[in-house]
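The first residue of the sequence shown is numbered 1, and numbering continues consecutively from there.
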Amino acid sequence: MPSILSVKNLSFRYPSYPGLESKPLFNNLSFDLEKGSMTVFLALPGAGKTTLSRILTGLVPAYTGGELSGSIEKNGTTGIVFQNPDEELFCSTAEKEVVFPLENAALPREEIAFRADMAFQKTGIEYLRFKKPIHLSGGEKRRLLISVLFATDPDIWILDETLEEIDILGREEILSFLKKSGKTILILTAKMLDVYKKYADNFIVYSGDYSLDEPLPDEETIKALEGNTFQNPLLKVENIRFTYPDSDFTLSIDQFVLAQGKTTAVIGTNGCGKSTLSRIIAGLLVPAAGKVLLFGAEGGAEKLNRNCSYLFQNPDYQLFLPTARAELEYGLKLQKLCAAEIEEKVHKAIEVFGIEHPDAPPVLMSYGQRKKLQAAIYWLLEKKIVIIDEADSGISSKEYRQIIDAFKSSQANPAILVITHDIKLASQVADKIFRMGAL
């Protein structure tokens with residue numbers, strides 16, 4: 001088969017900034033994509049996957065600056081789904097996101113309607129058509145951006161850590177459609193998902209140690225984790241009901257518990273309410289009915305918030321200071337700790353979480369580094385409950401386990417709640433698995 005994309009001797013270096021001395025990326029990287037093939041590009045976080053995706057689509061160095069050498073030859077149009085979906089969504093409804101590029105291309109109205117219908121059908125999100133993107137879950141946002149690619153129909157699809165936060169059935173359905181489409185697919189990822197072995201034609205292992213033969217956990221293991229019960233729970237949810245304004249979504253949970261020193265993994269389909277449940281536990285949302293007991297008693301949203309660390313799906317919602325070091329210091333300063341103690345604790349956090357450029361602005365860090373920074377900030381606060389909402393994208397399985405281990409070994413010995421679509425990872429880190437929705 002002829003090559004539709006050919007990369008030869010690619011090297012790149014970003015401009016350096018105060019606190020961040022850039023390093024060369026790729027060092028004469030070369031590869032070819034055959035027309036109609038599906039290729040998985042495996043590399044550790046921070047190795048340059050997102051940069052590569054944006055070089056291939058002409059965004060880097062055009063909008064970032066930097067030194068680029070080598071050659072790229074393409075024989076077709078290219079579409080991309082960013083690692084962070086919030087960087088691409090800007091319309092008032094999901095339907096408008098899909099039709100916007102079609103209207104810009106001045107396609108006939110009937111063609112636009114046909115393509116939009118087809119795109120929503122292939123990604124299984126017809127029910128989200130008139131929803132606001134800001135109200136969608138992380139996985140639903142990624143499905144929406146894939147819908148845009150189905151509608152615009154580029155020859156080459158570049159998916160930057162896109163499938164990690166889409167539920168298991170959704171991954172299967174989307175990859176099946178793509179395989180049948182004859183499109184050329186490049187998937188950039190730090191995780192070797194089992195589903196890739198079924199659909200990918202080629203694997204490029206750029207950096208890291210990846211086993212293509214690691215088995216999924218068996219059903220007996222999963223069922224055993226689903227049947228644990230915790231004695232003397234730290235937190236208990238009873239008969240909660242929650243509905244968003246102007247929405248037909250309703251969350252209904254009869255019982256859910258978290259125990260000190262134990263890790264609970266919540267798995268389920270996109271949009272089933274995993275993040276909603278977590279935000280109720282963290283005191284960010286108030287249920288219409290039911291109660292949340294902490295330390296055996298109700299105390300309201302303020303009590304929950306005071307005792308809970310919530311790591312949002314998108315780390316950029318929680319990073320706002322000029323340097324990573326300032327982010328780490330901020331919560332400790334609010335606790336009125338002395339300068340020497342703050343310096344000691346921050347130094348330890350940088351070491352434990354591998355924060356590479358603590359004096360650089362977080363915006364210049366990789367997505368995975370920003371997630372590790374986010375975890376380090378809350379590790380320093382030593383709260384009784386830690387919620388990690390889908391950190392699947394941007395960090396490796398090994399780094400995820402290291403983050404869990406860091407929280408488990410902290411002095412607070414917290415109850416940990418992780419939301420994930422990686423059943424293999426859930427079985428490795430969790431003492432109990434709680435299933436929501438149909439899987």
What's the verdict on salt bridge (charged side-chain N to carboxylate O under 4.0 Å, His left out) for Asp201 and Lys179, showing C-alpha distance, side-chain angles and the deciding distance? CA-CA 10 Å; Asp201 300 295; Lys179 190 71 172 178; 2.7 Å; yes
Please say whether the positively charged group of Arg54, taken as NZ for Lys or CZ for Arg, lies over the ring of Phe82, i.e. under 6.0 angstrom from the six-membered ring centre and within 45 degrees of the axis. yes
Can [X] and [Y] be counted as an ion pair, charged N to O under 4.0 angstrom?
X	Y	result
Glu111	Arg115	yes
Lys371	Asp316	no
Asp248	Lys131	yes

Using the salt bridge (charged side-chain N to carboxylate O under 4.0 Å, His left out) rule, take Lys191 and Glu164 through it: C-alpha gap first, then chi angles, then the decisive distance, then the call. CA-CA 8 Å; Lys191 288 187 176 179; Glu164 285 80 350; over 6 Å; no
From CG (Leu56) to CD1 (Ile158), nearest 0.5 Å: 4.5 Å
When rounded to the nearest 0.5 angstrom, what distance separates CG in Leu25 from OH in Tyr14? 7.0 Å
Parallel, tilted or perpendicular, judged at 30° and 60°: which one describes the rings of Phe150 and Phe177? perpendicular
Say whether [X] and [Y], considering side chains only, have a donor N or O and an acceptor N or O under 3.5 Å apart.
X	Y	value
Asp32	Ser6	yes
Asp155	Thr77	yes
Gln374	Tyr317	no
Ser410	Glu382	no

Ring centres of Tyr196 and Phe203 under 6.0 Å apart? no
Centroid separation under 6.0 Å, is that true for the rings of Phe312 and Tyr378? no
Inspect the surroundings of CG in Leu334 and state if more than 12 heavy atoms from other residues, nucleotides or ligands are less than 6.0 Å away. yes
